[in-house]
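The structure presented is a predicted model; accordingly, all values stated were derived computationally and were not measured. Residue numbers begin at 1 in each chain, while the letters A, B, ... track the order of the sequences.
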Amino acid sequence: MSPPPPPPQWVYDLNSAPASKPKSSSIPDPPGYSAALSSKQLSKSSKTAGTVRKAPTTEEMDVLKMKKAWELAIAPAKQLPMNAIGMYMTGNTLQIFSMFMVFSLFKTPVMAVLALQRVFAPFETPGTSGRLIGVKVVYVLMNMLMLGLGIWKVNQMGLLPTTRSDWLAWEGERTWSERAVPREWL
Amino acid sequence: MRLHARALALAASLVLPCAAIFEDDAYHIDYHHALAGLPKRDTTFFQQPFPGSKASLIYTLSQKQILAAVNPKDGAIVWRQSLSGPPGTGMLRSGEEQDTVISAAGNSIAAWSAADGRLVWENTMGGATAEDLELLEQEDGMANADSKDAVVLLSGSSPEVQRLDGKTGRAKWTYTDSSGDTPFQLSTSPTTIFYISLHTPMLGGSKIKVTSLSPITGKKLDQYTLSSEGEVQSREHILFTGANTAAPLLAWTDKLNKVLKVNIIGTKGVSTFAPPSNEPVQEIVLHASNRVTSLPHFLVEWQTATGHSADVFHVDLKKATIAKAYSLPVLAGKGTFTTTSSDANVYFTRVTPDEISVVSSSSHGILGRWPVKAQSSLAAAHPVHGVSEVVVKSGSASAVRSAILYSNGQFALIRNGELAWERPEFLADAVSAAWAELPEEETLAHELEVEGHSNIISAYIHRVKRHIRDLEYFPAWLQSIPNRLLGNLFGNSQDDTIGDIQRDTFGFHKLVVVATSSGRMAGLDVGSKGKAVWNIDLDQVAPDVAFTRPSLKTAHGYIEVKDRGFEGTLFINSTTGALISSKDIEAHEPSLSEAQRLIAFDLVDGELKGFLGAELTLDPVWTFTPPNGEKIIGFTPRPIKDPVASIGKVLGDRRVLYKYINPNLVLVTAALESTRTASFYLLDSSSGQLLHAISHHDVDVTRPIPSTISENWFSYSLTIDSAADSTSRGYQLVVAELFESAIPDDRGPLGASENSSTLQPSSAMGDVAMPYVLSQTYHIVEEISHMTVTQTKQGITTRELLVTLPSSNAIVGIPRSIIDPRRPVGRDPTALEASEGLTKYTPFIFIDPKWHLNHKYEVMGIEGVITSESGLESTSLVFAFGLDVFGTRVAPSFAFDVLGKGFNKIQMLLTVVALFVGVLFVAPLVRRKQINALWTI
């Protein structure tokens with residue numbers, strides 16, 4: 001028996017990966033063709049494929065969600081210093097810019113508090129709902145801080161009726177139980 | 001709220017530098033009657049202001065001692081000078097071909113440039129008083145080309161006649177009469193000066209003594225006495241002393257005007273004439289030309305109760321006799337005659353209410369006759385005296401103009417029978433004035449009052465009925481719209497077209513009722529340049545009363561007139577000037593609320609006393625006597641209508657300093673001459689409680705000490721005695737402000753309680769709450785004769801202190817921020833104080849020319865200034881009276897509630913139209929774009 005004839009060229013071609021595509025080539029691959037992974041890549045993919053991703057447990061999920069929720073709750077506080085500096089810099093005069101800034105200072109926290117349930121809806125699970133209350137309280141507090149900044153600013157601008165002069169218009173003249181006039185006026 | 005404070009502070013800081021009359025407002029919002037007073041018969045004449053001048057001016061020295069030159073074309077004053085001396089005693093003379101007029105008043109003889117009224121020279125005669133003044137027209141029979149010398153008769157310890165140099169006023173010679181006779185008058189002839197005195201023998205009556213003096217040396221040439229003691233009892237019986245005629249005349253009559261005696265001065269003969277015998281003659285007036293060159297003819301005017309007539313006499317110089325030439329017929333009613341000379345001819349102009357006629361002195365033929373057109377302002381008035389200019393061409397008078405003083409106090413010029421102008425000279429005697437509402441506003445206020453008192457439903461029905469009734473004015477209102485629109489658009493002020501008084505939108509039309517010392521009353525419409533709407537004589541209304549200082553008080557639709565020498569009260573309709581009987585008057589109680597008790601106070605025997613109720617009771621509730629024997633010279637109560645918008649003053653740190661607002665405040669001024677002290681006592685006039693007292697030393701108490709009080713502050717002005725050894729001299733203005741407490745945000749011992757009584761202070765509150773008084777003193781450059789405060793409807797607008805400066809003939813509005821007693825002393829204001837508009841205290845207030853309300857007008861002799869609210873909160877109406885009448889509008893915080901004249905209404909309308917057209921074009925484009933946007937993915 002004679003040794004079998006060597007396999008034909010196309011078999012080699014089929015078994016061996018084609019030479020890597022020249023990097024400079026601008027010719028796209030034909031449709032339906034997927035380039036074979038390089039060995040290195042292959043080995044890597046085989047490794048991940050080897051460690052099959054295990055679905056996270058609900059506890060883990062809750063921890064993650066709480067973390068995210070805390071991040072969200074603290075977020076307004078992070079803006080606070082910037083806002084405070086901005087408010088301080090604009091001065092106490094009535095200008096259109098400071099008016100807008102003060103307006104947004106009031107609007108943002110109020111809108112945020114109103115949208116409280118919507119903001120925290122993604123983190124709402126049976127496991128987290130109890131712990132989320134604290135987060136929400138902190139969130140509201142942070143927004144209140146923001147609002148407080150706004151009130152402070154409005155006060156600085158003298159727009160809060162906190163002094164006696166603001167209520168002066170509602171104070172009346174005393175009525176006098178006697179009226180004296182010169183006789184010639186009678 | 002702080003925003004408000006800041007805006008106000010900003011506004012205040014803006015007001016400070018530029019509170020002035022706007023240029024386009026001047027002469028539009030203000031009006032000025034520059035008056036001289038009633039012209040006197042012998043000191044009023046036409047005269048050319050300089051030799052060779054074609055036009056002449058009317059020169060007059062009035063009853064009020066005002067020397068004025070009036071332009072006969074339009075009646076405007078060319079110049080005026082105020083002379084000293086008691087009213088009605090001045091003399092004024094002018095020579096032919098002279099450029100000066102010479103006046104004598106009191107102890108001062110002065111020459112004034114006739115064209116511009118500048119003083120040429122003045123000679124003050126020490127303690128002597130000028131009795132008469134004449135000019136030497138001719139010297140030694142030759143006319144004086146140069147300035148003519150004056151001869152003046154002085155009555156001092158012994159009468160003197162002085163000749164004064166016409167250029168310098170220095171005395172050339174003096175003749176002293178030591179006989180003890182009463183000096184009377186002077187008269188000159190071309191060669192002699194006659195000094196006429198009255199010699200009074202023991203038996204009564206007066207003999208007229210005539211002394212001839214040499215004009216060159218002043219030596220006595222001759223002396224003779226006329227036996228006039230039968231007729232002449234007092235100097236009023238001497239009618240005429242001919243001045244500078246070729247034949248100077250001396251005419252006198254007896255007490256009953258039964259006989260007229262005429263002497264040609266220099267001769268001893270006396271001609272006797274009898275008046276027309278039909279009726280008793282009330283007054284005899286002689287009219288003669290005062291020119292040397294004119295014919296020696298004169299006219300005697302006989303005034304009877306029902307008519308007047310005249311006789312013309314000719315003097316025969318050679319024979320020294322007087323003969324009657326012709327008579328002018330009796331005309332019913334009153335009239336007067338004027339004399340005009342042209343070359344040698346003398347013309348007499350007869351002025352009656354209906355007609356002016358001119359006759360020549362030589363014959364009785366009438367040269368010209370003009371009917372006088374009836375004028376509403378001169379209705380029921382008759383001519384009293386006047387001066388005329390006549391143009392005579394070829395034997396007939398072609399033109400005549402007569403400046404006539406009418407009996408209603410109007411000084412009018414009648415040119416060929418037409419009224420050219422009139423000057424309301426009677427207003428120069430104004431002593432008191434009051435604001436009156438227009439009748440429409442009165443009725444509206446009355447209707448509203450009715451509605452206020454009834455219940456809601458009937459009030460509503462009443463209102464609907466009223467509105468239906470008002471519909472009758474609707475067509476007229478519709479018709480007026482186009483005119484008003486056009487007037488508004490093109491800036492034509494309506495003021496020029498308003499003839500009769502009517503209400504305007506802004507309430508600028510108001511009436512001021514003025515009463516004069518001569519017992520005359522007039523209603524002026526301040527909205528149409530102070531035009532006199534009516535003018536009545538109180539002597540006709542109440543014939544047996546001599547009114548000297550009528551006091552006025554406005555009530556609903558009428559004016560109450562009272563006078564010192566008059567027990568009762570006159571009621572005058574404020575719109576028509578008609579007398580209202582007291583039956584038609586509804587009783588008006590002073591505006592008191594239910595719980596208030598009325599206390600009336602008055603100055604009784606030098607003490608200020610308060611009485612319970614309106615009736616005069618014997619027992620006063622309180623009495624105020626100033627200490628140390630000081631005499632009360634006046635008191636200023638807070639005005640009855642003095643609205644206060646805010647009861648506190650907001651400080652820079654937004655705290656409140658509460659004002660001490662007490663309607664019963666009265667500021668009493670007391671003075672002690674011996675120690676030169678002036679004291680001011682602030683009283684609560686319901687309890688007589690002394691709230692505050694200030695004393696000033698080294699005060700010249702003979703000068704006026706004006707004071708005013710408003711809201712929670714008062715102000716007064718003093719003259720510091722220049723003789724005193726004081727550290728400060730001059731004029732001071734003191735301003736004091738009252739607060740409930742010195743501490744901000746504190747309302748004092750009364751706290752927040754709503755009620756207050758000073759008669760019965762509640763025990764819990766302790767004693768009467770005393771105000772905390774802040775005061776500051778400022779030096780000012782000029783004396784203040786009168787001060788008052790602007791008034792607005794609600795008191796929101798800052799007030800302005802209006803002061804009258806007599807030495808600069810001005811009325812000045814001092815802004816309140818300048819005289820704020822809270823100005824920091826000795827340091828710059830802090831940032832908070834600066835935000836209130838406070839500036840550092842400076843002891844001297846420079847009266848800014850921009851504060852002058854009268855800008856270019858010269859407001860002379862102001863007796864008083866009254867203010868009133870207008871329909872606009874920003875604006876206060878000001879009216880000043882006295883010699884002049886002046887009125888204006890002031891807006892101390894600017895006219896914030898009305899568009900200024902600079903606002904371009906046409907431009908605004910064009911902008912609106914352009915925008916509208918633009919929208920019309922752009923709208924389809926935008927619509928198409930929006931639709932396209934919807935259809936594209």
Met111(A) atom CE, neighbour heavy-atom count above 12 within 6.0 Å: no
Which atom of Tyr658(B) lies closest to which atom of Leu168(A), heavy atoms considered: CE2-CD1, 3.6 Å
Structural part of Ser551(B) lying under 4.5 Å from a heavy atom of chain A: neither
Closest heavy-atom pair and its distance - Ser686(B), Ala180(A): N-CB, 3.7 Å
Distance-minimising heavy-atom pair for Arg747(B) and Arg174(A): O-NH2, 3.2 Å
Per-residue contact mode, Lys562(B) against chain A (heavy atom under 4.5 angstrom): side chain
From CA spacing to verdict: side chain to side chain contact (heavy atoms under 4.5 Å, CB included), Arg654(B), Asp166(A): CA-CA 8 Å; Arg654(B) 296 169 66 201; Asp166(A) 299 318; 2.9 Å; yes
Distance-minimising heavy-atom pair for Ser165(A) and Val650(B): CB-CG1, 3.6 Å
Minimum-distance pair of heavy atoms, taken over all atoms of Lys553(B) and Glu184(A): CD-O, 4.2 Å
Among the listed options Gly648(B), Ser646(B), Gly610(B), Pro663(B), the residue most often paired with chain A at heavy-atom distances under 4.5 Å: Pro663(B)
Distance in Å, Asn662(B) CG paired with Glu173(A) CD, rounded so as to fall on 0.5 Å steps: 9.5 Å
Arg183(A) side chain to Asp602(B) backbone, donor-acceptor under 3.5 Å: no
Min side-chain heavy-atom separation Arg597(B)-Glu178(A) under 4.5 Å: yes
Min side-chain heavy-atom separation Arg179(A)-Ile640(B) under 4.5 Å: yes
Point-to-point distance, once rounded to the nearest 0.5 Å, from OG1 of Thr163(A) to CG of Asp745(B): 7.5 Å
